[in-house]
Amino acid sequence: MMEEPTNYGLEMLWKLEKGNVESKADVIILLAHWFLTKNGFRNVGVGDDKTLDNSVEQSELLPEGWNGNNTSYALRYTLNNELYILHGVVVEETLILNLLQAKTLQVSNAAFNLNATVQSFNSANVKLLFANVGAQIARMDSELVKPLHDGGTKSSSSQTTSPDPPAANAAPSRNPSFGEEPSRLQIGVPRIPRVGQADLNPFGGLGGGMLMDPLRGIGPGVRIPGARIDPIGPFHRNNRPMPDPDHLPPPGYDDMFM
């Protein structure tokens with residue numbers, strides 16, 4: 001038995017509809033309709049009504065007014081008593097197709113560059129319409145039909161997926177601005193304290209407060225890199241003891257005329 005050609009029936013559909021085709025987008029919609037009907041879908045009219053009336057005639061032909069205004073499309077199909085809606089919209093030089101399963105609200109999508117996909121829309125030979133008809137058929141299969149039949153694994157969905165809960169033994173997150181707990185410090189690795197970080201950490205950190213004495217540093221033998229030191233004087237003048245840096249001198253202090 002001879003194998004059925006890949007584009008069997010496409011030439012007949014083109015001969016029926018070529019008088020209604022007015023744009024490259026129409027050509028891609030025609031190909032999408034042919035591919036859906038070849039895979040068992042039947043058209044039940046135009047529009048985006050999500051209710052299925054079983055009394056409506058199902059057809060392999062395109063319905064009247066299928067190409068609308070040549071920039072947006074909405075065709076209704078049925079398969080196994082379930083309704084599907086094919087939407088198409090032209091954005092600049094691209095036709096974006098969405099196939100919606102009305103019952104589950106699962107959506108598959110595919111985008112086709114008009115100039116790269118369609119060579120002509122007025123050729124008498126259907127083989128000359130597409131740059132590579134086999135590649136476009138394969139894309140409609142993998143990007144439009146299969147995602148819905150495979151449970152929407154490659155499609156967009158109206159439902160959102162909740163993030164996975166954190167593992168029980170996962171390390172708690174920490175804010176680097178607050179410093180690190182002593183248990184997380186690496187032994188043997190020198191660390192330079194960050195000035196002012198303790199004020200950002202309500203649980204304490206290295207040092208404390210923004211008022212500090214640069215002469216004292218913030219640890220034994222530690223000085224703040226790049227710190228400006230403005231000593232408080234006088235120091236040991238007239239054998240006087242060095243005042244506490246936190247003490248301010250009284251008015252007129254050390255004035256020889258007082």
Is the shortest heavy-atom distance from the side chain of His87 to the side chain of Asp48 under 4.5 Å? yes

Does the side chain of Leu86 come within less than 4.5 Å of Leu36's, by heavy atoms? yes

Using a 4.5 Å cut-off on heavy atoms from C-beta on, say whether the side chain of Tyr73 contacts that of Leu95. yes

Co-membership, hydrophobic cluster, residues Val56 and Leu52, 4.5 Å side-chain: yes

Can you check side chain to side chain contact (heavy atoms under 4.5 Å, CB included) on Trp66 and Glu17, steps first, answer last? CA-CA 10 Å; Trp66 62 269; Glu17 294 290 344; 3.1 Å; yes

Assess whether side chain to side chain contact (heavy atoms under 4.5 Å, CB included) is satisfied between Leu31 and Leu13, documenting all intermediate values. CA-CA 9 Å; Leu31 180 66; Leu13 179 63; over 6 Å; no

Working note: Val27 + Val21, criterion side chain to side chain contact (heavy atoms under 4.5 Å, CB included); need CA distance, chi angles, decisive distance, verdict. CA-CA 7 Å; Val27 174; Val21 173; 3.7 Å; yes

Contact summary for Leu83 and Tyr77, nearest pair of heavy atoms: CD1-O, 3.2 Å

With under 30° as parallel and over 60° as perpendicular, where do the rings of Phe41 and His149 fit, or are they tilted in between? parallel

Tightest non-hydrogen contact, residues Glu60 and Thr37, listed as O-CG2, 3.8 Å

Please lay out, stage by stage, how Trp14 and Leu129 fare under the test side chain to side chain contact (heavy atoms under 4.5 Å, CB included). CA-CA 10 Å; Trp14 173 243; Leu129 296 177; 3.6 Å; yes

Tell me every residue that passes side chain to side chain donor-acceptor pair (under 3.5 Å) with Asn122, counting only those two or more places apart in sequence or in another chain. Ser120

Show the numbers, then the answer: is there a side chain to side chain donor-acceptor pair (under 3.5 Å) between Thr51 and Asp49? CA-CA 6 Å; Thr51 60; Asp49 184 4; 3.0 Å; yes

So, does Asn80 use its side chain to make a donor-acceptor pair with the main chain of Glu82 at under 3.5 Å? no

Between Pro147 and Ser108, what is the shortest heavy-atom contact and its length? CB-CB, 4.0 Å

To the nearest 0.5 Å, what is the distance between NE2 on His33 and CG on Leu62? 4.0 Å

Do Leu16 and Leu61 come within less than 4.5 Å of each other through their side chains, counting heavy atoms only? yes

With a 4.5 Å heavy-atom cut-off, do Val126 and Val133 have their side chains touching? no

Nearest 0.5 Å please: distance from the CG atom of Leu79 over to the CZ atom of Arg42. 9.0 Å

Any donor-acceptor N or O pair under 3.5 Å, side chains Asn98, Asn109: no

Atom of Ala116, atom of Ala131 and distance for their closest heavy-atom approach: O-CB, 3.4 Å

All heavy atoms of Gly88 vs all of Leu97, minimum pair found to be CA-CD2, 3.8 Å

Kindly indicate whether the side chain of Thr94, heavy atoms from C-beta on, has any atom under 4.5 Å from the side chain of Leu114. no

Is there a side-chain contact between Leu75 and Ile85, using heavy atoms and a 4.5 Å cut-off? no

What pairs meet the side chain to side chain donor-acceptor pair (under 3.5 Å) rule with one or both residues in residues 129-141, with sequence neighbours excluded? Arg139-Glu143

Any idea which heavy atoms bring Leu100 and Lys50 closest together, and the distance? CD2-CE, 3.6 Å

Can a side-chain donor-acceptor contact be found between Asp26 and Asn70 if the only test is distance below 3.5 angstrom? yes

Take atom CD of Gln58 as the centre, draw a 6.0 Å sphere, and report whether it contains more than 12 heavy atoms from other residues, nucleotides or ligands. yes

What about Leu105 and Val107, same hydrophobic cluster or not, with Ile/Leu/Val/Met/Phe/Trp/Tyr joined at side-chain heavy-atom distances under 4.5 Å? yes

How about Met140 and Val145: do any of their side-chain heavy atoms sit closer than 4.5 Å? no

Measuring from atom OG of Ser23 to atom CD1 of Ile28, what distance do you get when rounded to the nearest 0.5 angstrom? 8.5 Å

